[in-house]
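Okay, structure first, notes after.
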Amino acid sequence: MTELHLFNSKTRQKEKFQPLVPSRVGMYVCGPTVYGEPHLGHARSTVSFDIVFRYLQYCGYKVRYVRNITDVGHLENDADEGEDKIAKKARLEALEPMEIVQQYTIEYHNRMRELNSLPPSIEPTASGHIIEQINIVKKILANGYAYEKNGSVYFDVLKYAKDFPYGELSGKKLEDMLEGTRDLDGQTEKNNNVDFALWKKAKPEHIMQWESPWSKGFPGWHLECTAMSTKYLGDRFDLHCGGMDLQFPHHEAEIAQNNGSCGHEPCNYWMHNNMLTINGQKMGKSLGNFITLRQLFSGDHELLQQAYHPGTVRFFMLQAHYRSTLDFSNEALQAAEKGLNRLMKAVELLSKMKPENENSRDFNFADFKSRCTSAMNDDFNTPILISQLFEGAKFIQNLNSGKAGMEKEEFENFKNFFEEMTFDVLGLIPIQNNTDTNDETVEGLMELIINLRLRAKQSKDFDTADAIRNQLTRMGIEIRDSKEGTTWDKNIPQQ
Ligand code: ZN
């Protein structure tokens with residue numbers, strides 16, 4: 001097995017990756033809270049850890065990749081007070097919370113599939129693991145690291161901090177936190193403002209609530225990941241991943257819950273992807289630069305000069321290391337589009353090439369392979385891998401124009417490896433351009449559909465004729481009948 005080094009956010013250094021069980025990896029990624037359209041932040045986190053999942057598999061590991069869906073318990077402002085994000089959206093749209101969950105889980109899956117991110121091995125939901133969560137609260141209470149107040153249960157951070165370090169992952173100091181929160185509000189029922197909810201008693205109007213030994217209520221947001229990672233990966237597993245914004249309080253709380261319930265930390269390595277900016281600014285709804293993936297892929301946002309293919313967006317993200325910040329701009333995305341096309345042309349060329357049986361003079365495949373894998377073995381350095389692939393693309397051009405040669409067997413190895421890196425490891429997808437040949441196909445299909453409709457009308461099957469027209473209208477295609485015949489036109493859908 002290759003020697004892989006990854007940056008552990010907990011120790012803040014690169015460490016040699018050694019799984020608990022040889023050749024198997026347990027990997028947990030904090031997934032989305034499904035109350036809105038998936039946006040760029042979701043894409044960055046999912047794509048970053050999709051690479052980890054893919055590369056570990058490429059290295060020969062059998063990976064169990066668990067990524068949760070948060071469908072209950074995530075309150076506004078990531079705090080312990082306020083409305084549940086999903087319940088709030090449901091109230092605003094007059095829908096059931098589970099309708100919101102269903103709608104945005106599907107949206108999330110669709111967008112991630114468009115970005116060519118592989119689905120996880122297990123995708124558990126918070127609401128499906130209430131019993132497991134209650135059991136962990138019981139354990140933490142029994143160990144003395146939590147207390148009950150008016151039907152809610154809170155994690156006792158001060159008590160816990162006497163036995164375990166608190167704040168190591170986020171680099172926060174408990175004294176500073178206590179200082180900062182001392183007189184913030186008198187409304188909380190917590191013993192201390194640094195404590196966090198494990199179980200909250202629900203107000204009568206709260207829709208999502210369950211029976212528990214303490215009250216009818218719902219779990220605290222951080223608890224679900226402890227419950228689900230323990231259930232599917234064990235109370236100690238290899239890799240825990242998520243966005244950097246989750247380090248505190250979410251992941252710090254997970255460490256505390258694990259220590260508090262079973263006396264040790266949840267995982268050996270923590271990985272966090274960095275945040276992204278839009279034209280140099282943090283993305284936020286109040287700044288008017290909040291871009292959903294649907295908008296990005298359709299171009300329907302005032303900041304976007306064009307639609308960007310999911311393949312371009314993925315490639316753009318991978319051109320930066322997951323621990324670097326990433327700035328979105330039209331210029332950068334357009335440059336990425338050109339770069340991706342260049343790479344894909346090389347791959348296409350490669351697939352058509354029949355090499356001469358020559359010795360390669362200026363290209364050493366073994367060296368090339370080692371440069372590519374070394375990049376990935378060094379904390380999943382996709383930008384270096386991509387730059388190597390561009391070097392490879394240059395060689396492919398030379399090979400094609402006869403300026404370089406390669407021995408047949410080595411060529412086969414090179415070709416397989418190049419495709420493996422491009423498609424299996426980076427998961428790149430070519431940009432389908434709907435010009436030329438595609439247009440011809442569409443013309444042909446439309447002629448066929450119009451003829452079928454005409455035949456339906458001639459045989460007085462008006463239901464079918466109308467159904468065809470309606471379906472086309474829904475697809476944004478308008479058909480017009482006149483004495484000269486039927487014509488069609490593609491409408492730009494009205495928003
Ligand atoms: Zn989580």
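Both ligands and their constituent atoms are indexed starting at 1 by order of listing.
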*Hey, is CG on Leu92 packed in by over 12 heavy atoms from elsewhere, all under 6.0 Å?*
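Yes, CG of Leu92 has more than 12 neighbouring heavy atoms, counting only those of other groups under 6.0 Å.
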*Do Asn8 and Glu15 have side-chain atoms, one donor and one acceptor, less than 3.5 Å apart?*
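Result is yes, a qualifying pair exists.
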*Going by distance alone, is a donor N or O of one side chain under 3.5 Å from an acceptor N or O of the other, for His109 and Glu123?*
yes
*Please name the residue in the list Asp379, Thr382, Asn273 that meets the side chain to side chain donor-acceptor pair (under 3.5 Å) test with Tyr322.*
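Passing option: Asp379.
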*For the side chain to side chain donor-acceptor pair (under 3.5 Å) test, which of Glu148, Glu189, Lys190 pairs with Tyr154?*
Glu189
_Closer than 2.8 Å to the Zn ion (ligand 1): how many protein N, O or S atoms are there?_
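For the Zn ion (ligand 1), the figure is 3.
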*With a distance cut-off below 6.0 Å to the six-membered ring centre and an angular limit of 45° from the axis, does Arg342 pair with Phe390 as a cation-pi contact?*
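Arg342 over Phe390 ring: yes.
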